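Everything numeric here is computed off the predicted structure, so don't read it as measured data. Chain letters run A, B, ... following the sequence lines, proteins first, then strands; residues in each count from 1.
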Amino acid sequence: MINISLPDKSIRQVEVGTTAMDIAKSISEGLARNVLSAKFNDSVIDAFRPLTEDGSLQLLTWKDDEGKATMWHSSAHLMAEAVQQLYPEAKFGIGPNIENGFYYDIDFGDKTITQDDLTKIEKKMKELASQKQIFVRTEVPKVEALKTFKDKGDEYKVELIEGLQDGEISFYQCGDFTDLCRGPHIPSTSHIKAIKLLSIAGAYWRGDEKRKQLTRIYGITFPKKKELDAYLVLLEEAKKRDHRKIGKELELFTFSQRVGQGLPLWLPKGAMLRERLENYLKQVQKDAGYEPVITPHIGAKELYVTSGHYAKYGEDSFRPITTPNEGEEFLLKPMNCPHHCEIYRTKPHSYKELPIRYAEFGTVYRYEQSGELHGLTRVRGFTQDDAHIFCRPDQVKEEFKAVIKIVLQIFTALDFKNFITQISIRDPKTPEKYIGTDENWEKAENAIIEVAEESGLDYIVEEGEAAFYGPKMDFMVRDAIGRKWQLGTIQVDYNLPERFELEYIGKDNKKHRPVMIHRAPFGSMERFVAVLIEHTAGKFPLWLTPEQVRILPISEKYHEYAEKVLLLLKNYEIRAEIDYRSEKTGRKIRDAEIQRVPYMIIVGEKEETSGKVSVRRQGEGDKGSMSTDNLIKMITEEVQNAL
RNA sequence: GCUAUUGUAGCUCAGGGGUAGAGCACUUCCUUGGUAAGGAAGAGGUCAUGAGUUCAAAUCUCAUCAAUAGCUCCA
């Protein structure tokens, strides 16, 4: 007998060889019907895998991320089975599940796959799924595994198997399709009720551009048709929120071929919005004891040789700028920290002065590969809301905490309610990849984790994701339609203080090395504005939006009154415009709605004689009439409450 | 950077070896109106750039540039 503990802390004594499915059935038939896989001592296994030792068991269903993953992984197999039946010549690469669905890389030989083929494959998949095929696991010796796929002529699988250890190779069979696979899989294809193949793309075998390009088919499946429909609606919604589209519509930013790839041009409305964001953060930082500094856009090449970045990135960067003088070279700055280090070095520092916090909206230039550029989220010139904190080792924790506070304050002000943090620490297996003493690393890593705990953050720890110079914490927000975006980052750095020989005089009258904390709550203004656009679908919070109020006179007769109202609003620094066009009110409203102007003020005879205004809220409709005083009060309160 | 697709008016897009099209936006005129498109007229394009094929190229071919998607990358 073995002891299996369940998430409710109960312990069941069962016979060796009992499966997760058996346990599910003993709880309820309904649960058993929904079980996709199970988590046994931290590894996800088939629901039909016999349990042979004590351990903790969690049954996974569609509600669990791992359950979804199992389902999508199995769906990839189902797709491969369909492909094999329709195109017997096809050879298979890899077919994993991904965040939303799955893909399979397939070599179709000379055949090009089109949208029509996807429909065909989809149909076949539905047919096969309804056959309620079960997934059968077999463990296979390496020799035999190699033989199977050599006989089949599938060189990709052969290559994959060659990289595996004997004894860890398993096959899964589903219908007449057998695949090399670690598993786990769902109990049967009957769980797959709704299928959509989404797109086709080329992908190099093993991500290597020198090797053959395979056809990658992306798809997603659901246990209910309704969920698929909802997902497709979501995809449409995402398309509508694309910041490149909205940025154009609202005249926020543009790109020009003549200026160059990946170099955004901020239009007046976008620049105003960005400026408000910057001013907001400047105020927050001022309150938190940051000091502004300003540094130039270029720096001598030596500066980056000293920082170590030239060795690491120099080859893949913009070429150095030369001068008429022999041997003189400058680089466009790819980051602000070396400049800030030099500012720190201008005079000796006492331990009493620390922490010193230098903040700068510093524009940096990085030569991203052309294929990587994407709207405002990936550009070659961007402005970081950067700051560097120079502190004593004993202050790291406290400073880190203070930075987190700023980040949270900003997220709240901008209505990012859902976010998680990722703490990236060293990979203990490869200590040679990191610089600095073990002691410092341990201290910093522990400090970050403690701070995360104390700040009540929802965090995950990723081993091996740390920068070579120190551990970091990244903030990932979920936007209004559930997509994840990485925004702010806080990094602890022992490297640059060393390289720049930064010092402070301690209480003991000896020289000590400060610790640097790099931090950027927005990350970059470009990326942040892009995310903000997609999060809000262009309906920015009132305090940020370029045009807060549009005054719509019913006819020319009321232009004068409109101007009177405009003047009143301007006195309170409310950003308002008048629509002077000789259009009907319905038209003016429609245009203001499309341009996402939060408040529309309609003024006509009624308003002029009563000295009031009619208010309409974007997306909500008519709000009735009120006095201008009340309007101003309403708007200023809305702005103040947001910050 | 690699592969594929695309590039026609400010925007969204149709067309296609023989004088360039629509809707919206824009300008002017009419209209002076009450909560998501009033009417008419007009103006606007070397069809991304360069070369080639052809009697003739926006259209076909090649190259370049850019955009889009995926891959690889991201201090």
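In terms of the side-chain hydrogen bond (donor to acceptor under 3.5 Å, both in side chains) criterion, residue partners of A:R211 (sequence neighbours excluded) are, by chain and number, A:E159. Under the rule for a side-chain hydrogen bond (donor to acceptor under 3.5 Å, both in side chains), the partners of A:H388 that lie at least two apart in sequence or sit in another chain are A:H340, A:H518. A:Y304 is linked by a ring-ring contact (aromatic ring centres under 6.0 Å, His included) to nothing, counting only residues two or more places apart in sequence or in another chain. Residues satisfying the salt bridge (Lys or Arg N to Asp or Glu O under 4.0 Å) test with A:E155, not counting sequence neighbours, are A:K91. For A:F102, the ring-ring contact (aromatic ring centres under 6.0 Å, His included) test picks out no residue, with sequence neighbours left out.
Of the side-chain N and O atoms in A:Y204, none sit less than 4.0 angstrom from OP1 or OP2 of B:rC2. In this structure, A:Y367 reaches the B:rG1 phosphate: one of its side-chain N or O atoms is under 4.0 Å from OP1 or OP2. Close to B:rC74, at under 4.0 Å from its OP1 or OP2, lies no side-chain N or O of A:Y365.
Residue-level contact check: A:G604 touches the bases, meaning some heavy atom is under 4.0 Å from a base atom. As judged by a 4.0 angstrom heavy-atom cut-off over every strand, A:K312 is placed among residues making no nucleic acid contact.
Side-chain rings of A:Y156 and A:F92 stay apart, their centers remaining 6.0 Å or farther from each other. Between A:Y358 and A:Y290, the ring centre distance reaches or exceeds 6.0 Å.
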Using atom names, set out every protein N or O paired with an N or O of nucleotides 38-40 of chain B below 3.5 Å, distance rounded to 0.1 Å.
from   : atom 1 : to     : atom 2 : distance (Å)
B:rG38 : OP1    : A:E583 : OE1    : 3.4
B:rG38 : OP1    : A:R587 : NH1    : 3.1
B:rG38 : N7     : A:E583 : OE1    : 3.2

Can you check nucleotides 12-14 of chain B for protein contacts, nitrogen or oxygen pairs under 3.5 Å, and list what you find?
from   : atom 1 : to     : atom 2 : distance (Å)
B:rU12 : OP1    : A:K248 : NZ     : 3.3

Under 3.5 Å, which N/O atoms of the protein pair with N/O atoms of nucleotides 62-69 of chain B?
from   : atom 1 : to     : atom 2 : distance (Å)
B:rC65 : O2'    : A:Q257 : OE1    : 3.1
B:rA66 : OP1    : A:Q261 : OE1    : 3.2
B:rA67 : OP2    : A:Q261 : NE2    : 2.6
B:rU68 : OP1    : A:R244 : NH1    : 3.0
B:rA69 : OP1    : A:R244 : NH1    : 3.4
B:rA69 : OP1    : A:R244 : NH2    : 3.0
B:rA69 : OP2    : A:R244 : NH1    : 3.3
B:rA69 : OP2    : A:H374 : ND1    : 3.4

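Salt-bridge formation is detected for the pair A:R426/A:E445: a Lys NZ or Arg NE/NH1/NH2 atom is positioned less than 4.0 Å from an Asp or Glu carboxylate oxygen. The residues A:K557 and A:E608 are annotated as not salt-bridged, no charged nitrogen and carboxylate oxygen being separated by less than 4.0 angstrom. Residues A:R581 and A:D591 are paired through a salt bridge, judged by an N-O separation under 4.0 Å between the basic side chain and the carboxylate. A salt bridge does not link A:R596 with A:E547: none of the charged nitrogens is closer than 4.0 Å to a carboxylate oxygen. The residues A:R378 and A:E368 are annotated as salt-bridged, a charged nitrogen and a carboxylate oxygen being separated by less than 4.0 angstrom. Of the charged side-chain nitrogens involved, none lies within less than 4.0 Å of a carboxylate oxygen, so that A:R519 and A:D386 do not count as a salt-bridged pair. For A:R617 and A:E593, the salt-bridge test fails: no basic side-chain N is under 4.0 Å from an acidic carboxylate O. Here A:K240 does not pair with A:D242 in a salt bridge; the nearest charged N to carboxylate O distance is not below 4.0 Å.
No more than 12 heavy atoms of other residues, nucleotides or ligands lie within 6.0 Å of CD in A:E89, so this atom counts as exposed by the packing criterion.
Not a single donor-acceptor pair, N or O on each side, falls under 3.5 Å between the base of B:rG1 and the side chain of A:E368. Contact annotation: side chain of A:R378 to base of B:rC73, donor-acceptor pair present below 3.5 Å. Below the 3.5 angstrom threshold, one finds a donor paired with an acceptor across the side chain of A:E372 and the base of B:rC71.
Of the listed nucleotides (B:rC71, B:rC73, B:rG33), B:rC73 has the atom at the smallest distance from the side chain of A:Q369. The nucleotide whose nearest atom lies closest to any side-chain atom of A:R366 is, among B:rG33, B:rC74, B:rG34, B:rC74. Among the nucleotides B:rC71, B:rG34, B:rA36, the one closest to any side-chain atom of A:I594 is B:rA36. When distances run from any side-chain atom of A:I602 to the nucleotides B:rU32, B:rG34, B:rC71, the shortest one goes to B:rG34.
Distance A:R499 CZ to B:rA75 P: 16 Å, rounded to the nearest Å. The interatomic distance linking A:L267 (CG) with B:rC11 (C1') rounds to 14 Å, in whole Å. For A:R590 and B:rU35, the CZ to C1' distance is 14 Å, given to the nearest whole Å.
Rounded to a whole angstrom, the distance from the C1' atom of B:rU64 to that of B:rG21 is 29 Å. B:rU8 and B:rA67 have their C1' atoms separated by 15 Å, given to the nearest Å. Nucleotides B:rC11 and B:rG44 place their C1' atoms 13 Å apart, quoted to the nearest Å. Nucleotides B:rA57 and B:rC47, compared at atom P, are 12 Å apart to the nearest Å. B:rU19 and B:rG45: their C1' atoms are spaced 14 Å apart (whole Å). For the C1' atoms, the distance from B:rA14 to B:rC71 is 33 Å, rounded to whole Å. One C1' atom belongs to B:rA48, the other to B:rU5, and the distance between them is 16 Å to the nearest Å. Rounded to whole Å, the P atom of B:rA58 lies 13 Å from the corresponding atom of B:rG17.
With pairs defined as Watson-Crick or G-U wobble and both atom distances under 3.5 Å, the stems of at least three pairs that touch RNA chain B come out as B:1-7 with B:65-71, B:10-13 with B:21-24, B:26-30 with B:38-42, B:48-52 with B:60-64.
Comparing A:R216 and A:K472 by the nucleotide of RNA chain B that holds the closest heavy atom to each, the one mapping nearer the 5' end is A:R216.
Counting only N and O atoms by type, the side chains of A:Y218 and A:R216 include a donor and acceptor under 3.5 Å apart.
For residues 612-622 of chain A, proximity to RNA chain B is found at A:S614, A:R616, A:D622, defined as any non-hydrogen atom under 4.0 angstrom from a strand atom. Using a 4.0 Å cut-off on heavy atoms, none of the residues of residues 513-531 of chain A approach RNA chain B.
By the 4.5 Å heavy-atom criterion applied to side chains, A:H243 and A:T377 are counted as neighbours.
Within the cation-pi definition used here (under 6.0 Å to the ring centroid, within 45° of the axis), A:R513 does not qualify as a partner of A:Y494.
Between A:F419 and A:F475, the ring planes are tilted. Angles from 30° to 60° get that label.
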Please table the atom pairs, donor to acceptor, closer than 3.5 Å between any side-chain atom in residues 246-260 of chain A and protein atoms at least two apart or in another chain.
from   : atom 1 : to     : atom 2 : distance (Å)
A:E249 : OE2    : A:K245 : NZ     : 3.3
A:S256 : OG     : A:R258 : N      : 3.0
A:S256 : OG     : A:V259 : N      : 3.2

